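Below, chains carry the letters A, B, ... as their sequence lines are ordered, and counting in each starts from 1. Please read all numbers here as calculations on a predicted model, not as lab measurements.
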Number of protein chains: 2
Amino acid sequence: MASANSTAQRVTIRDVASVAGVSTATVSKVLNDRPDVGPEVRQRVLDTIARLGYRPNAVARGLRARHTDTIAILTDDLEGIFTNALMRGVEDAASAYDVSVLLANSYGDPDRERKHLRRLLDRQMDGLIIMSGNRVRPRSGPALPLPATPYVFLYEYAATEPVPSILPDDRGGAVLAAQHLLDIGRRRIGFINGPASWEATADRLDGLTATLAAAGAPLRPALIRHAASWSPQDGYALATELLDAPEPPDAIFGASDDLATGALAAIHERGLRIPEDVAVVGFDDRSLAVHQRPPLTTVALPLLEMGRVAGQRLLEAVNGGQQRHELIRVPCELRVRASTVGAGHTPR
Amino acid sequence: MASANSTAQRVTIRDVASVAGVSTATVSKVLNDRPDVGPEVRQRVLDTIARLGYRPNAVARGLRARHTDTIAILTDDLEGIFTNALMRGVEDAASAYDVSVLLANSYGDPDRERKHLRRLLDRQMDGLIIMSGNRVRPRSGPALPLPATPYVFLYEYAATEPVPSILPDDRGGAVLAAQHLLDIGRRRIGFINGPASWEATADRLDGLTATLAAAGAPLRPALIRHAASWSPQDGYALATELLDAPEPPDAIFGASDDLATGALAAIHERGLRIPEDVAVVGFDDRSLAVHQRPPLTTVALPLLEMGRVAGQRLLEAVNGGQQRHELIRVPCELRVRASTVGAGHTPR
DNA sequence: CACGGTTACGTAATCGATTTCGTTGAGCGA
DNA sequence: TCGCTCAACGAAATCGATTACGTAACCGTG
């Protein structure tokens, strides 16, 4: 960056001081509500500030105060499905603390990520929210010098870091879905899980299995499928398999809304009724869920809340709180819609 | 914000200077590649910097240099459908200039917006990208003091501002869609437009009308519908109307992917084939378009490019370029998929 | 009236860089 | 040898705030 194109010189604390006939120290004191300023001087300074339209320079203030009231989000996928809502949650929390949020996108490229991280530290960020943690500190090889800056992991688990990681309660979400299906009388539940490489899939399977077992209607191995991706196409294909099996399910739980959407199509194609013949539950509560026909019952990922918790925790640490390794699971919420409860029905 | 919890004191330029046995001026000179430093002294300083792991403090630098190498995005809807891609475009451009991006979300609340704007100016942003411009400067009533800071409007038209506004070329996009439908032999084209309150709807209608008229297959008034919202439900309802009309269309152009998706459902419901009986084209190219059955041909909004252009223009202005009132239309792109061209077909 | 204690304000150092300008010494020509 | 130029470096001001500390005026008390 070269020169700026400033027009009118901004008014500084010095201008206020000279116009009000006091020292800059005094102006600073009224700015920060210090007690040792007389009432009439304070008023005079206040008037001058208003008249001149003075605003303190946050950069100068930050230099002296050694904090910038700014945190950064370091992500590897700015366009990710969930990134928006997570960011908004973070922004919410930051806003409450009068803290701004900086954005850094790495595209998953480790080099870019390191470069960004360096820049963020150079800019004296008060804290970092990391949404691509596994790459920042590779398990092997030299990691970046550990910042004295506090940080937390969001939607990402860092097993060896002495800081919190914030994740959705995948297991609890699956429990919610399973319980709901039991409540509406389903016993033969088919499960279309996501790719096994995702940690969340194990948790969801676990929640489902445990809940069904506890209810005396254990999940049948024949009704479990692992998709190769989270796409509707895979959901469609695997739902088709389930429906064509000798003992087809009376409900299908898809580990993502996309998978469940595919299942919807497969069921329609067979002329079966939803939810009378087969109920369907998804996971995520993406916006498309509500637009399905019928609208999809689903387990909502608490993205906003996760972002808020991350921001909250980070800012507590910034303000002197201690950090430690910790796994925070934010509860999911069940959104009941017509794909499990047709019009007129009331669960329970 | 109260105190920070720093551990090891960060190393400053003074430390480097004293260890290397030179003055801070000299260190600064090698940092900025100034000519008046001898080769051996330069090397010694460089070595010391590396050994101490010194990194210049961007806040201090910013104070002196009067620019922060940071721009901000001021938006009223951080969770908007298009916000992600626009932001990524901006981040792309900024990244190329080694500039960071700050985020400010107003929820459409004018008070929050003013507060954010004030904060951003206090923080000495080099430039602003405004994605909620109409509220920042209400047509009536007092506007905020005009910042000396450059700014541009993104996905938002500011008729009276002396700065660029970046918008998609809606008209051109509609031309693309119309031409494509003509190319595959359609003549009776139905148009499901969005709510008339959106400026884009007029442009899209215009592009469609002009192209069809030029081809000698004018758009029939009976085949035009205005939806109350952009939702699939409305698309479904209006497509149903069109299909049940005495002379049904052989193609339906939806002014959004959601609208077109609703049309898809209506067509399926009637047992008609897509695209043989009715071809369908959408607008936006949201991720759901490719997942439809059949995958939806659509006009892609050039969101990334729009963001890039906005960032680019802004940063040129930051670097001394002049700004003026200007409306920049970024071209859309047609994504041809199976909803207009079934397997095996090749258009043109 | 002298003295200690407040109160209200100013002086100057400070944060960590950049930049202007002055100084020193080497090199060179006359 | 003297004087001049130029290269290489340092001293100090500066950016715009905050804050530790000094000090003058004023208070009441013994």
Leu154(B) side, atom CG; Leu128(B) side, atom CG - distance, nearest 0.5 Å: 12.5 Å
In whole angstrom, give the distance that lies between atom [atom1] of [X] and atom [atom2] of [N].
| X | N | atom1 | atom2 | answer |
| --- | --- | --- | --- | --- |
| Arg42(A) | dT7(C) | CZ | P | 14 Å |
| Tyr54(B) | dA17(C) | OH | C1' | 7 Å |
| Asn57(A) | dC15(C) | CG | P | 18 Å |
| Leu63(B) | dG16(D) | CG | C1' | 6 Å |

Side-chain donor/acceptor of Asn32(B) to backbone N/O of Arg34(B), under 3.5 Å: no
Asp126(B) side chain to Thr68(B) main-chain N or O, any donor-acceptor pair under 3.5 Å? yes
What contact category does Thr12(A) fall into here, base, sugar-phosphate, or nothing, at under 4.0 angstrom with non-hydrogen atoms? sugar-phosphate
When all nucleic acid strands are considered with a 4.0 Å heavy-atom cut-off, which category describes Val41(B): base, sugar-phosphate, or nothing? sugar-phosphate
Show each protein N/O and nucleotides 10-13 of chain C N/O combination with a separation under 3.5 Å, one pair to a line.
| from | atom 1 | to | atom 2 | distance (Å) |
| --- | --- | --- | --- | --- |
| dG10(C) | OP1 | Ser23(A) | N | 3.4 |
| dG10(C) | OP2 | Ser23(A) | N | 3.0 |
| dG10(C) | OP2 | Ser23(A) | OG | 3.1 |
| dG10(C) | OP2 | Thr26(A) | OG1 | 2.4 |
| dG10(C) | O6 | Lys29(A) | NZ | 2.9 |

Looking at five pairs on each end of the helix from dC1(C)-dG30(D) to dA30(C)-dT1(D), what is the angle between the two axes, given to 10 degrees? 70°
Nearest to the side chain of Arg61(B), which nucleotide is it out of dG16(C), dA17(D), dT18(C)? dT18(C)
Asn32(B) side chain near dT18(C) phosphate (N/O to OP1/OP2, under 4.0 Å): yes
